[in-house]
Amino acid sequence: MTNNCHILLIEDEENLAKALVFNLEEEGYRVTWAREGRQGLELFDAQTVDLVILDLMLPYIDGFQVAEKIRTISTRIPLLMLTAKTGAEDRIRGLESGADDYLTKPFHLKELLLRIRGMLKRKGWYRQDDQSKAGIKIGKCRVDFADLTVRSGNRTFRLTQQEGELLRYFVEHEGRIISRRELLENVWHLTAEIDTRTVDNFIARLRKYFEPHPSRPIYFISVRSAGYLFDPQNRGARE
Ligand code: CA
């Protein structure tokens, strides 16, 4: 199978990196390997990349800094972080620095391949988005799903791919209570690993973007012990 997708792998562990390059190429991906963060950023800048796999613990500059730099260049590039640590703080910091998803080492190759496939599929899915469903209004913000642009007054910014997919899921299930587990399964495609903090962290991001008062949400509403409810028309409460 050839799929012509180009993956940038930033990983300093040579044995792991070589095994990943071999297996990804077997899957039909084109892979560029960088041994450390600065080289990774140079390659990212110089080449057209479809997805980045980024190790957290790297010499010179760590994965957090690399992720932040990458996000200043592209908000849409799918970014998968590899972390050796099991601490939730690293994963949350990873997501905050711009990663869309993470895998904790050691991971199964099959899981990595499934994640990559999912991330690339969602990336393509935005491109084919049908125009009638392309825009949506949340409060004073207008979201264009075609390029994940958000316009609010004269401010314009872009959502990351993962933020966009989460928002899209809410839009498609407007007015229905959605559990964290459902979000993990359908937005992150995680079934085995139930870490609801990932979901909460992304909800916090959306609230920061769209809510007039993020600590008193009116669009992304928490429903105690049930999950979240998206109400873009804000029928429940008024500013
Ligand atoms: Ca490392």
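FYI, side chains are in, hydrogens and waters are out, and symmetry mates aren't considered; it's all heavy atoms of this structure. Ligands are counted one by one from 1 in listed order, and the atoms in each one are counted from 1 as well.
- Here E211 pairs with nothing under the salt bridge (charged side-chain N to carboxylate O under 4.0 Å, His left out) rule; sequence neighbours left out.
- Using a 3.5 Å distance cut-off with no hydrogens or angles, the side chains of Y228 and S179 do not pair a donor with an acceptor.
- Using a 3.5 Å distance cut-off with no hydrogens or angles, the side chains of T48 and H6 do not pair a donor with an acceptor.
- For a distance threshold of 3.0 Å, the protein N, O or S atoms nearer than that to the Ca ion (ligand 1), listed by chain and number, are D12 OD1, D55 OD2, M57 O.
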Sequence neighbours left out, cut at 3.5 Å: what donor-acceptor pairs do the side chains of residues 10-21 make with other protein atoms?
residue : atom : partner : partner atom : Å
E11     : OE1  : K105    : NZ           : 3.0
E11     : OE2  : E13     : N            : 2.9
E13     : OE2  : K105    : NZ           : 3.1
E14     : OE2  : K18     : NZ           : 2.8

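- Take D45 and apply the salt bridge (charged side-chain N to carboxylate O under 4.0 Å, His left out) test, not counting sequence neighbours, and it matches no residue.
- A cation-pi arrangement is present between R93 and F64 under the rule of less than 6.0 angstrom and at most 45 degrees off the ring axis.
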